[in-house]
Asker: 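Below: one structure in structure tokens.
Note on naming: letters A, B, ... go to the chains in the order of the sequence lines (proteins, then strands), and numbering restarts at 1 for each one.
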Amino acid sequence: MSQKPRVRFAPSPTGYLHVGGARTALFNWLYARHTGGTFVLRVEDTDDKRNTEEAVQVIYDGLRWLGLDWDEGPLVGGERGPYFQSQRNAIYERYLEQLRAAGHLYEDGGAVRFRSPRQTVQVVDIVCGTIDFDLSNPETHPDMTIRRPDGSWIFHFVNVVDDIEMGITHVIRGEDHLSNTPKHVELYNAFGVRPPIFAHIPLILKKDGKGKMSKRDEGSAVASYITDGYAPEAVRNYLCLLGWSPKDNREKIDIAEVVQLFDLDKINRGNAAFDLEKCAWLSGEYFREMDPARFRELGREALVRAGVDLARFDAAYVDAALDTCRGKVRLLKELPAYAGFYFRDERIMDEAARTKFLTPEALPRLAAMREALGALTTFDAAAIEGVLKPLAAQYGVKLGAFLQPLRVAVTGSAAGPSLYHLLEILGRERVLRLCADV
RNA sequence: GACCCUAUCGUCCAGUGGCCUAGGACAACGGCCUUUCAAGCCGUGAACACGGGUUCGAAUCCCGUUAGGGUCGCCA
């Protein structure tokens with residue numbers, strides 16, 4: 001029987017999925033896909049105070065949004081379940097008895113502790129190398145508690161038991177667990193089981209590099225990328241590049257290729273600060289090259305989420321409007337401000353744009369443009385361009401400067417989609433009305 | 001404080017003894033193009049933490065210092 005790797009992502013349902021956790025999941029997933037192994041999702045809900053249905057849902061949603069599918073775990077099942085620690089009590093009792101019988105345990109204040117053998121423990125880690133930890137001093141390395149007086153379990157114990165039971169071959173997790181690892185190895189030894197191979201991946205630091213990214217930091221929750229409307233493949237791509245690289249200076253790289261190139265020994269050892277700007281840039285890149293139909297779908301969802309009533313407009317209109325935004329926005333949350341004018345009867349005028357462009361000398365030109373547009377037999381982008389360009393020449397004004405007042409009059413903003421196309425989509429009637437009303 | 005990890009532009013990454021007067025990307029700045037804003041194109045500024053070794057030769061190897069991060073729970 002060939003030993004295909006079995007890896008796992010074991011989040012605790014805290015109500016949010018941290019980007020660091022997401023990257024841990026991603027690296028596990030990549031390794032499983034690269035090797036043809038199995039990616040297991042296990043929910044570490046021993047602390048039931050924060051274990052809620054919604055909290056677990058957040059994990060599923062985040063992983064699915066990033067396209068990280070698991071082979072075993074909640075919702076999909078598997079041979080080694082259950083995949084919630086809260087349902088594995090009988091297993092833990094059995095393992096506890098094994099340790100007790102072998103004399104490894106003692107009671108202290110009602111809690112159960114594991115008596116450390118007080119030796120030097122070697123941790124074999126693919127990323128950090130082989131490290132020797134001296135656990136001989138009880139002052140600096142007190143015996144770990146594995147069960148509370150109320151019968152609930154402590155992380156170190158259940159984590160190791162589950163990894164044994166689930167046949168986990170490679171433990172890929174955040175470097176914040178590195179110092180815990182010798183304790184885990186002691187447990188493996190006590191169970192008479194060979195420890196898995198460890199790979200502690202570097203942490204994701206705040207933008208200023210001071211400390212690991214935590215709950216309060218912008219961009220720490222995967223949910224925030226979903227609501228801000230990043231392209232999911234861009235976030236996944238960006239996460240791949242934090243601590244790993246294709247080595248050829250590429251920034252945008254297809255996930256299938258990452259799967260092919262990825263390996264644990266190629267992971268960097270240094271922590272990395274998270275650069276939201278670069279992630280947003282990548283998002284724009286992905287939207288630009290995205291299948292138009294998919295962009296429309298995502299754009300539609302974002303607009304509806306922002307409270308835009310798309311039901312008032314027919315599908316073709318919405319599609320056309322969205323098409324003019326593709327490649328122009330980096331995040332979907334920019335859409336309401338960028339393209340909101342398509343879906344509003346009342347124009348929202350940017351006052352700075354008005355004073356800058358709707359000047360006394362611009363108004364007669366605007367009137368001329370309005371007249372020219374009104375006389376058009378076909379009101380499409382090409383025809384509009386065809387009539388506006390000569391008009392600008394006639395006035396002897398540079399095209400860009402000449403047209404800008406029209407844009408402001410129609411959209412209320414100095415920035416937006418291609419003017420000719422936006423006019424076509426809006427339709428002659430609305431354009432003429434907006435032009436008259438300045 | 002103890003232990004562990006790390007150390008190249010502001011940030012991410014490339015560089016594994018000579019091809020490096022250090023390369024790419026984001027960000028910044030300047031220019032071009034242009035129906036706005038973007039995009040695109042061109043360009044500018046910007047780094048091997050410090051000190052010792054090893055070597056003919058070090059960003060690359062070794063030691064120390066310093067700095068940063070992590071862990072030291074009856075959280076996970």
Asker: Output every pair passing side-chain hydrogen bond (donor to acceptor under 3.5 Å, both in side chains) with a member in residues 374-391 of chain A, not counting sequence neighbours, ordered by first then second residue.
Answerer: A/E385-A/K389

Asker: P atom, B/C50 versus B/A59: distance in rounded Å?
Answerer: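 Their P atoms lie roughly 11 Å apart.
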
Asker: May I ask you to say what A/K247 touches in the nucleic acid, namely base, sugar-phosphate or nothing, with a heavy-atom cut-off under 4.0 Å?
Answerer: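 Sugar-phosphate, no base atom in range.
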
Asker: Shortest non-hydrogen contact from A/D132 to A/T120?
Answerer: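 The pair with the smallest heavy-atom distance is CB-CG2, 4.0 Å.
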
Asker: How far does the P atom of B/C29 sit from the matching atom of B/C20, given to the nearest Å?
Answerer: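 Pairwise P distance, B/C29 against B/C20, rounds to 31 Å.
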
Asker: Using 4.0 Å as the upper bound for N to carboxylate O, is an ion pair formed by A/R250 and A/E257?
Answerer: yes

Asker: Would you call the rings of A/Y395 and A/F402 parallel, tilted or perpendicular, taking 30° and 60° as the class edges?
Answerer: tilted

Asker: Rounding to the closest angstrom, what is the interatomic distance between B/A49 and B/U8 at atom P?
Answerer: 6 Å

Asker: How many Å lie between CD on A/E139 and P on B/A2, as a whole number?
Answerer: 15 Å

Asker: Describe the nucleic acid contact of A/H177 in one word from base, sugar-phosphate, nothing, applying a heavy-atom distance below 4.0 Å.
Answerer: base

Asker: Which part of the nucleic acid, if any, lies within reach of A/R147 when heavy atoms closer than 4.0 Å are counted: base, sugar-phosphate only, or nothing?
Answerer: nothing

Asker: Under 4.0 Å, heavy atoms only, any strand: does A/G270 hit a base, just the sugar-phosphate, or nothing?
Answerer: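 A/G270: backbone/sugar contact only, no base atoms under 4.0 Å.
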
Asker: What interatomic distance, in whole Å, is found between P of B/C4 and the corresponding atom of B/G64?
Answerer: 12 Å

Asker: Taking 4.0 Å as the cut-off, does a side-chain nitrogen or oxygen of A/K212 come that near to OP1 or OP2 on B/U71?
Answerer: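 The answer is yes; a side-chain N or O of A/K212 sits under 4.0 Å from OP1 or OP2.
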
Asker: State whether A/S12 places a side-chain N or O below 4.0 Å from either non-bridging phosphate oxygen (OP1 or OP2) of B/A76.
Answerer: no

Asker: Is NZ or CZ of A/K206 both nearer than 6.0 Å to the six-membered ring centre of A/F274 and within 45° of the ring axis?
Answerer: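 Geometry flag: not set, cation outside 6.0 Å or 45°.
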
Asker: Strictly by Watson-Crick or wobble contacts shorter than 3.5 Å, is anything paired with B/C26, and which nucleotide is it?
Answerer: B/G10

Asker: Searching all strands shown, indicate the nucleotide that pairs with B/C37 (Watson-Crick or G-U wobble; both distances under 3.5 Å).
Answerer: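 Check on B/C37: unpaired, no WC or wobble geometry under 3.5 Å.
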
Asker: Under 4.0 Å, counting only non-hydrogen atoms across every strand here, what does A/H156 touch: a base, just sugar-phosphate, or nothing?
Answerer: base

Asker: For A/G211, answer base if it contacts any base atom (sugar-phosphate contacts may also be present), sugar-phosphate if it contacts only those atoms, and nothing otherwise; contact means non-hydrogen atoms under 4.0 Å.
Answerer: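 A/G211: backbone/sugar contact only, no base atoms under 4.0 Å.
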
Asker: Taking the six-membered ring for Trp, are A/F114 and A/H104 ring centroids under 6.0 Å apart?
Answerer: yes

Asker: Taking atom C1' in both B/A47 and B/C62, compute the distance separating them and give it to the nearest angstrom.
Answerer: 24 Å

Asker: With sugar-phosphate meaning primed atoms plus P, OP1 and OP2, does A/N180 contact a base, only sugar-phosphate, or nothing at under 4.0 Å between heavy atoms?
Answerer: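 Base, at least one base heavy atom under 4.0 Å.
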
Asker: Any donor and acceptor pair, going by atom type alone, linking the side chain of A/N28 with main-chain N or O of A/T24 inside 3.5 Å?
Answerer: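 Yes; at least one donor-acceptor contact below 3.5 Å.
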
Asker: So which one's nearest nucleotide on RNA chain B is more toward 5', A/D132 or A/D108?
Answerer: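 Upstream on the strand: A/D132.
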
Asker: Using OP1 and OP2 only, check whether a side-chain N or O of A/R148 sits under 4.0 Å from B/A76.
Answerer: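 Indeed, a polar side-chain atom of A/R148 lies that close.
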
Asker: Partner lookup for B/A2, please. Criteria are Watson-Crick or G-U wobble with both distances under 3.5 angstrom; report none if nothing qualifies.
Answerer: B/U71

Asker: What nucleotide among B/G70, B/A2, B/A14 has an atom nearest to a side-chain atom of A/N268?
Answerer: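 Closest nucleotide to the A/N268 side chain: B/A14.
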
Asker: Contact class for A/G129 vs. all strands (heavy atom < 4.0 Å): base, sugar-phosphate, or nothing?
Answerer: nothing

Asker: Not counting sequence neighbours, list each pair that qualifies as a salt bridge (charged side-chain N to carboxylate O under 4.0 Å, His left out) and has a residue in residues 425-435 of chain A.
Answerer: none

Asker: Which whole number of Å gives the distance between the P atom of B/U6 and that of B/A14?
Answerer: 15 Å

Asker: How does each nucleotide of nucleotides 20-35 of chain B score, in 5' to 3' order, for protein heavy atoms under 4.0 Å: base (B), sugar-phosphate only (S), or none (-)?
Answerer: ---BBBBS-------B

Asker: What integer number of Å spans the P atoms of B/C42 and B/C26?
Answerer: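 About 12 Å, rounded to a whole number of Å.
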
Asker: Strictly below 4.0 Å: does A/N271 bring a side-chain N or O up to OP1 or OP2 of B/G70?
Answerer: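 Negative; the distance criterion is not met.
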
Asker: Is there a Watson-Crick or G-U wobble partner for B/C61 with both distances under 3.5 Å, and which nucleotide is it?
Answerer: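 Across any shown strand, B/C61 pairs with B/G53.
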
Asker: Is A/R236 close enough and on-axis enough to A/Y238, meaning under 6.0 Å and within 45°, for cation-pi?
Answerer: no

Asker: What I want to check is whether an N or O donor and acceptor connect the side chain of A/Y338 with the base of B/C37 at under 3.5 Å.
Answerer: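 Answer yes: a donor N or O sits under 3.5 Å from an acceptor.
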
Asker: Does A/A273 reach a base, just sugar-phosphate, or nothing at all? Heavy atoms under 4.0 Å.
Answerer: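 Answer is sugar-phosphate: A/A273 comes under 4.0 Å of backbone atoms only.
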
Asker: If you only use heavy atoms from C-beta on, which nucleotide in B/U6, B/C5, B/G70 is closest to the side chain of A/L178?
Answerer: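 For A/L178, the side-chain atoms sit closest to B/C5.
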
